[in-house]
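Each chain gets a letter, A, B and so on, in the order the sequences are listed, and its residues count up from 1. Owing to the predicted nature of the structure, the values given are computational and were not obtained by experimental measurement.
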Amino acid sequence: MKRAKFALRFAAVFATACCFSLVAYAQSQPPASYAITHAKIFTLTGSPIEDGTLVIRDGKIAAVGANVEVPAGAQVIDAKGLQVYPGLFDPITQMGLSEISAVNATVDSTETGAYNPDVVAATAVSPSSEHIPVTRASGITEVLAVPDSGGFDGGGSRGVIGGQASAIHLAGWTINEMLIKKSVAMVIAWPAIQTRTFDFATFSRKEKPFGEAKQEYEKKVNELADYLESARHYAQAMGHGGPSDYQRDLKLEALAPVVRGQLPALVFADRARDIRNAVEFCDKQKLKMILAGGEEAYKVKDLLRSKGIPVILRPTLSSPSEEDDPYDRLLAQPAELASAGVKFAFGSFDNSFARRLGQQAANAVAYGLPYDQALKAVTLYPAEIFGLADQLGTLETGKVADVIVTNGDPLELTTDVKFLFIKGERTSLDNRHQRLYEKYLSRPKAAN
Amino acid sequence: MPAKIRIRTAMLCLLCSFMLPLFARAANPPDAQPVILIENATILTVSHGTIEKGSVLIKDGKIAEVGKSIKAPKDAQVFDAAGQFVIPGIIDCHSHIAVDGSVNEGSISVSSIANIADVLDPDDIDIYRDLAGGVTVANVLHGSANSIGGQTVVIKLRWGQPASKLPFEGAVPGIKFALGENPKRSNFSIPGATPRYPATRMGVEETIRTAFAEARDYKKSWDDYDKKLAAGNKNAIPPRRDLRLDPLVEVLEGKRYVHSHCYREDEILMLLRVAKEFGFKVRTFQHVLEGYKVADEIAAAGTGASTFSDWWAYKVEAYDAIPYNAALMTRRGVLVSINSDDAEEATHLNQEAAKTMKYGGLSHDEALKLVTLNPAIQLGIDKRVGSIDVGKDADLVIYNHDPLSAYAVVQKTLIDGRVYFDRQRDIAERDAREKEKKELMEKEKKAEEKKSGEKNPMEKSPVKRSPRTSPSRPKRQALPEVLCEAR
């Protein structure tokens, strides 16, 4: 009896202690500074630093170099034999917008209707999406969540103006903590001249006459031009008074920075004809264009270079669109664009395949792209293209500390990310896949 | 002439009319099987380790010698593969290439009557593209719309050969089963169509059990008939042939392999139970993304598992998919392969296999086996292919780099000792193909204009498939006229 009482009391005390330690754990602040030492550091601003030190303080890169002092109080990570890079940046995903692509209830990537400039990706990003830690474990520290981006998770039909893409860090308790920038681009799905369509009612392919397809296309483009024209008038009215002076239209209001050339248009187009049309249109409309997709960008590379239009390339690991195309058409394209002076970044255009971003880039290297270009096309270039390079993309003093420490080339299939920092905080590499693996690794042998 | 064959013939004729001028130009590989010596290469034999600066001698389409240094026979073509890597041809245990039209006979839940071997399309460009990715053998499967799907066929990717030359000689034919969301049509519905049984995993089990109950009775009726005949009863009446049940009887007799699409652990155990009840074997589980949860059970049943490298979350039953699946099952004693299920994915199966070194720590050899020897064993063709051993078919791939790297590019792919893909040749031929295509399109345009008398025929007539040009392929006999009668 006495013993039982004691046990009970002990249990109570123990439980209380546990609670305290839990509270203490939850409230404990992470170290304010880290020093990654003895690493080979790829700053992407020059040649790599052998045996270098990178200091992180208050979320930023405080120092990087060969002869950098480790500050007092910094948590030291001895990275001998390891390599340090800026975290990878996937500029087109549906991260947080789509969990299981076949289940509509988990998909928030595509709004209905043709014109949705006012919808913002950040609104619907679920910070607890399992895709976030899985993607992070592959070394990707920031992405663009892009509405209406088609792709594997895009659902069926697409509108014309899909909404605003948001740049997010792949860590944070809430979207506020994750957010890099709420609005970095306006998605426009360029209305392609489509003669081949898929009819879901009969589950078969349909072909329509070219003339008919072209008429449909022209109608859509005229509508888009009219819409932008309205936005332009609206933007003028906005310039002449406050919202009390005119009837508000949230859609046109959202387009104002686009027609003013402040917010880039992320224009999805793949075929050369469609890209040419889109470039001509954006030129006429004075829109700041970023091309997304670009399967046939190589056919219009001179145009893209002369207009200074950057490209977010669809995965290199894709089949060429035409049977006659060389089998390595998409694999060889990045090298061709690079030598033509077209700026590009690689994008996964997906969630569950986001972790193939490095593989995409490495495959382009196998088919002729210089390695340093490939590395920049998954780090610095996407940051530059979306106007975020003052914060991200290289390891430079003052930039946000999105940093990965690896045991090798981050583009290679077999490389592991050993440490990962987002906004200067050491961030867990644990994820759903790792957890399931460990759980079933320890399953006792089945009796059978 | 059955409708299917008629349509097929019409298709062939159509293709012939496009292709004939191209065949005339194509000049390789020659009909006589060359003697080839690959030397100075890193030979990854898969079965007996790695030979640095090694050689492989090919004679009569077979591997004649493998070793450190082999003297080139007088008449041999010699490939100096210094700095390059040679592996056995990649075997894709789950493919849908070279199929003419849909892979699904989706109208019924037991579509064992349909046979993929009947609709092979030797002109599918994906054959060539997969060859360029080092694939030499593919298990071409029916789709997964049915609990019991259609019959399947193992092919060699002999680009340029007619459909009749594609099947892997002597390979045991298979049949596709499918469990879970696809056969219960969770993610597909045709508006207006009546829902099809089954709509649950319970119903999937009963669909399979019912079919095998029928197949058993059917088999018995034939066995009885055979007995009567053997006993000298000349008046015995044979049972009516049932083309739907014939393949299932072959399954019961072990003459046809079951390749079952599946995802969840419960449905995997379900099929093992049903197989035990009716006394057949499941040869492989396909996809089997939760295989890692019941790896011991799969191993104990002696069933192989053919899975994806890192696909996940595209549907609910793929939400527990993990890239450690292949490694974990391997460690628990399951014979595992990595497959593509997709023509593009197949072009980098070597890379997909490499991921198992990162996710689960398989060795270089173990990873390479996932796309060579293991699928060969799963398909029962390992006496012929799957490793670099004397006497096996000379199905080989030459890479410029360690194939288990994202930087490796296939240089040559050989099947039966013939070069079916050569990267340098492909590149060299591109200008000529481009020119030929332009000429063909010009010709077609002129003909159209002449026919319609209009300046811009594209405005009125439906868009047509433009004439195709293709990478060069071996000569093949013109089709006998009788095949073209449908025209």
Side-chain angles (χ1 to χ4, degrees), chain A residues 98-103 130-131 134 152-153 195-196 200-204 207-211 213-214 317-320 322-324 326-328 331 351-353 355-356 358-363 365-367 409 411-416 432-434 436-437 439-441 443 445-448, chain B residues 125-126 128-129 132 181 186-188 190-192 292-297 300 310-316 318-324 328 331 343-345 347-348 351 354-355 357-360 401 404-409 426-427 430 433 437 458-463 466 468-471:
Chain A
S98 167
E99 192 65 17
I100 300 177
S101 48
V103 183
E130 298 284 2
H131 287 271
V134 166
F152 207 56
D153 288 352
T195 53
R196 280 181 226 166
F200 279 91
T202 56
F203 230 72
S204 60
E207 296 222 346
K208 66 173 77 151
F210 181 82
K214 190 151 185 265
L317 296 172
S318 307
S319 285
E322 291 292 317
E323 284 187 29
D324 299 334
Y327 75 94
D328 60 357
L331 295 158
N351 280 358
S352 51
F353 285 124
R355 61 180 161 196
R356 289 189 174 187
Q359 186 182 8
Q360 306 278 1
N363 274 267
V365 174
Y367 288 83
D409 172 8
L411 309 184
E412 182 59 287
L413 303 163
T414 44
T415 301
D416 289 319
R432 179 183 185 83
H433 296 175
Q434 175 75 25
L436 281 166
Y437 172 57
K439 177 177 171 184
Y440 285 93
L441 198 59
R443 180 188 169 199
K445 185 154 174 48
N448 284 315
Chain B
I125 191 66
D126 286 329
Y128 184 76
R129 287 175 179 167
E181 291 180 26
S186 307
N187 308 312
F188 316 86
I190 298 175
Y292 67 94
K293 296 184 179 178
V294 287
D296 291 346
E297 287 83 352
D310 60 359
W311 297 18
W312 75 292
Y314 44 96
K315 46 183 171 172
V316 171
Y319 201 46
D320 272 7
I322 59 173
Y324 304 89
L328 215 160
R331 288 286 173 262
E344 193 282 325
E345 183 85 354
T347 64
H348 43 87
Q351 296 182 35
K355 291 175 183 174
M357 298 194 287
K358 173 186 168 87
Y359 297 109
H401 202 290
L404 296 184
S405 156
Y407 299 106
V409 176
D426 183 285
I427 291 168
R430 286 178 191 181
R433 279 210 303 275
K437 182 178 181 181
M458 296 302 265
E459 289 296 328
K460 284 276 165 70
S461 62
V463 171
S466 59
R468 300 191 306 178
T469 61
S470 325

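Among all heavy-atom pairs drawn from A:Tyr437 and B:Leu328, the shortest one is CD1-CD1, 3.4 Å. Minimum interatomic distance between B:Arg129 and A:Glu322 (heavy atoms only, all atoms of both residues): NH2-O, 2.9 Å. Between A:Ala362 and B:Ala406, the closest heavy-atom pair is CB-CB, 3.5 Å. Closest approach of A:His433 to B:Ala321, counting heavy atoms only: NE2-O, 3.3 Å. Between B:Ala295 and A:Arg443, the closest heavy-atom pair is N-NH1, 4.4 Å. Among all heavy-atom pairs drawn from A:Thr415 and B:Lys358, the shortest one is O-NZ, 2.6 Å.
With a threshold of 4.5 angstrom between heavy atoms, B:Ala318 does not approach chain A through any atom at all. Of the two parts of B:Asp426, only the side chain, counted from C-beta on, holds a non-hydrogen atom closer than 4.5 Å to a non-hydrogen atom of chain A. Residue contact with chain A, scored on non-hydrogen atoms closer than 4.5 Å, is absent for B:Glu181. Contacts of B:Asp310 with chain A are made by both backbone and side-chain atoms, with heavy-atom separations under 4.5 Å.
Taking B:Met357, B:His401, B:His348, B:Lys315 one by one and counting their heavy-atom pairs under 4.5 Å with chain A, the maximum is reached by B:His348. For the options A:Leu411, A:Val365, A:Asp328, heavy-atom pairs under 4.5 Å to chain B are most numerous at A:Asp328. Chain B forms the most heavy-atom pairs under 4.5 Å with one residue out of A:Asp416, A:Leu317, A:Asp409, and that residue is A:Leu317. The candidate from B:Ser405, B:Ala408, B:Ala354 with the greatest count of non-hydrogen atom pairs under 4.5 Å with chain A is B:Ser405. Across A:Glu412, A:Lys439, A:Gln434, the residue that shares the most heavy-atom pairs under 4.5 angstrom with chain B is A:Glu412.
Taking OG of A:Ser319 as the start and CD1 of B:Ile125 as the end, the distance is 10.5 Å to the nearest 0.5 Å. Atom-to-atom distance recorded for B:Trp312:CH2 and A:Arg432:CZ is 6.5 Å, nearest 0.5 angstrom.
Contact check for B:Arg331 versus A:Leu441: no side-chain heavy atoms found under the 4.5 Å cut-off. Contact annotation: the side chain of A:Thr414 never approaches that of B:Leu404 to less than 4.5 Å [non-hydrogen atoms, C-beta and beyond]. B:Thr347 has its side chain out of reach of A:Tyr327: every pair of non-hydrogen atoms, C-beta onward, lies at least 4.5 Å apart. Side-chain contact check for B:Tyr319 versus A:Glu130: some heavy-atom pair is nearer than 4.5 Å.
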